[in-house]
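The block underneath contains the structure these notes are about, expressed in structure tokens.
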There are 2 protein chains.
Amino acid sequence: MNIRRLADHLNISIGTVSRALNNRPGVHPETLEKVLKAATELGYVANQSGRSLRRGATNTIGFVIETGHPAHQAGDQFFYVVLDAMNLYLAEQHYDLVILPCHSADDPVEFLSRVIARGIVDALVMTATRRVDHRIAQLAKSKLPFMTLGRSETPGNYSWIDLDFEGVALRSVQEAVKLGHRRIAVGLPDNDVALGYHYKSGYLKGLAEAGFPVDESLIIRVPTSEMGGFSLGKQVAGMADQPTALLLCSEVTAAGVYAAFGDMGIEAGRDISVVAFRENPLMRFLNPAPACFRLDLNALGTRLGETVLDLLSPDEEVSQRRGEIVPLSFVPGKSLQPPRSGGV
Amino acid sequence: MNIRRLADHLNISIGTVSRALNNRPGVHPETLEKVLKAATELGYVANQSGRSLRRGATNTIGFVIETGHPAHQAGDQFFYVVLDAMNLYLAEQHYDLVILPCHSADDPVEFLSRVIARGIVDALVMTATRRVDHRIAQLAKSKLPFMTLGRSETPGNYSWIDLDFEGVALRSVQEAVKLGHRRIAVGLPDNDVALGYHYKSGYLKGLAEAGFPVDESLIIRVPTSEMGGFSLGKQVAGMADQPTALLLCSEVTAAGVYAAFGDMGIEAGRDISVVAFRENPLMRFLNPAPACFRLDLNALGTRLGETVLDLLSPDEEVSQRRGEIVPLSFVPGKSLQPPRSGGV
DNA sequence: GCAACTTTCGTAAACGTTTACGAGACGACC
DNA sequence: GGTCGTCTCGTAAACGTTTACGAAAGTTGC
């Protein structure tokens, strides 16, 4: 069923049918109704290839994820909820969402150049943003509008939305200091992912605020995974000069840390305080309940949809590139207690 | 950069350029090389809209997921690993993979009819298959080839791959019986998802094998989520005539069950034995280690890729629809022990 | 009653690609 | 030298859609 068959069936020209279907002005209300009725009856939907060939636009937004990537294997329900909300918003605006998985063995840059050249999407949302990100330089050169989840230091004409990793780290230090902690360790990702730098920056800011010195041995880099968290827990608990608090920039490491503590007879909060990152359903089942930060995933998803569609607006005011930092609210937990000895 | 610009740059007709790029016969080796060289130099990649409009095929496989769906919010690294392996295989065969998220508020049937009519994919992989699945009837009517992950009872011309839920349930019962368990409870999904029926079937087969009666009060339906598992654990532990073993058809409920047990001072294995479903990284951090079943996610992903591409083969022998059941291997854990009282 | 304008619609070109068809060049063979 | 076949390539149509343009019909104003 193509537009010509639909037009023949109605004894109308395809031009008029197309105008009717696309709500173009200058079509008689009566024929408009006839066309719409026949279209739904015959189940006609415009072929995407034909349409995008002619229009140069696909009405599709691409969401790039990296499968096989350790930071994502973690993936709890984060992406499912965010994508759902984003998809919902995009559908309201008559846009479709496709997720483009860049597989682990593929070169991200080559992957993107295929996506760009093939013209299957009107705009991209990038994830797992790096501090220095070659993909951004590449996209900036192309004319494909894009935004990133997580901000990079790589310059380019793009919008971004980032969680307030710096603010969370700062607040985590402040809460720990308030309870009397002095030796505060932090677990960071072992790769160049941007959030690690922001988290560290907030951590350092917190120490400076409190007037504490920076002890490099308390800054520990591990993979963002359950195993990474396990290793982190073991390292921290095994230190001769044990810290009294441990801050985590990812929630998936929390389970590993708890397991490592369990193995060594250490209890979070009582022996070493722990502040995790994002509150998630799994945390309900960790004991003692971790102190963490709350984020509205649905709001984030909607905001992503709005931001990416803004890029495509003909209104320069709207399509102007912008950055946005999403705040998280502190959720006290049982895992953050005053240090046993009242500090070192 | 389109094919005409490339052709002009080479002083060659676009027909020849197209033939060269597509490895069609009848191109002089010398010009073939020139074309390929210029294409990579100028970064030419065929526009997908134009190509698929002409060819009627997109060289793209769609993977349909339902976001916002409770059974998926669980999503541990399952999809990330499976999709990565599948994507890898498809890329080798010069196919692209897109994930099509059907958002929670959308009607799956309407969603699919859009996907079908717009012609953005050559074949589909469906997930979250229901025992009676309207989407299958719909796809069967359309000419779009598809396969399902999980088998349905809805007839249609399609291939499927399913995990051996029945075999796992049977084996779980057998292992429990071997240790002396007589009252064996089972947690099933509270919706029509196909795996629940197969798991129950294996459970019933195991009871029959052992000559045990079926106690309907031991068959408990809960949402496939951490919270569902929590509720399940509470229910089981609170029963007057407590079962000695509990079988789970999903790994995400395990965390909830453990938490509920912990709340009530019950220890898995010692007080009530637990057999979970798929082994995953998180389980390493549950204490005591759950008995579960091992699955090669990479192999599953590759197999999905092979199966879906087989659908498109011109060779009728190959494209014939087929079903396949993937076995899982038992992994003993500390959560499965002889019942305390030696059985009821 | 004619010009000017509006409303509505049909025609055809264009998007970028693939491919059927035919043409030209060249060598082989009788 | 003419015929045939092979190799290589150019031409043009086709895929399904949108849209600029113009035509036809109807309306208004004088």
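Letters A, B, ... mirror the listed sequences (proteins, then strands); counts begin at 1. Any value given below was found using the heavy atoms of this structure, including those in side chains, with hydrogens, waters and symmetry copies removed.
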Do S104(A) and D84(B) have side-chain atoms, one donor and one acceptor, less than 3.5 Å apart?
yes
Are S52(A) and S49(B) linked by a side-chain donor-acceptor pair shorter than 3.5 Å?
yes
Rounded to whole Å, how long is the line connecting atom [atom1] of [X] with atom [atom2] of [N]?
X: L53(B); N: dC15(C); atom1: CG; atom2: C1'; value: 9 Å
X: D8(A); N: dG10(C); atom1: CG; atom2: P; value: 11 Å
X: L42(A); N: dG16(D); atom1: CG; atom2: P; value: 16 Å

Does R322(B) come within less than 4.0 Å of E317(B), counting only side-chain N to carboxylate O?
no
K37(A)/E41(A) ion pair, N-O < 4.0 Å
yes
Are the ring centres of Y89(B) and Y95(B) closer than 6.0 Å?
no
Describe, as an angle rounded to 10 degrees, how the axis at the first end of the helix from dG1(C)-dC30(D) to dC30(C)-dG1(D) is tilted relative to the axis at the last end, five pairs per end.
60°
If the test is side chain to side chain contact (heavy atoms under 4.5 Å, CB included), which one of V121(B), N87(B), L83(B) qualifies with F63(B)?
L83(B)
I'd like to know if the side chain of D192(B) and the backbone of V132(B) have a donor-acceptor N/O pair within less than 3.5 Å.
yes
Correct closest heavy-atom pair for V308(A) and L124(A) would be CG2-O, 4.3 Å
Write out a two-atom table: protein N or O, nucleotide N or O from nucleotides 5-8 of chain D, distance below 3.5 Å.
from	atom 1	to	atom 2	distance (Å)
dT8(D)	OP1	H28(B)	ND1	3.0

Could you check if a side-chain atom of W160(B) sits within less than 4.5 angstrom of a side-chain atom of I325(B), using non-hydrogen atoms only?
yes
Below 4.5 Å, heavy atoms only, C-beta onward: do Y158(A) and S152(A) meet side chain to side chain?
yes
Protein proximity profile, nucleotides 17-26 of chain D - base contact B, sugar-phosphate-only contact S, no contact -, cut-off 4.0 Å on heavy atoms:
BBBB------
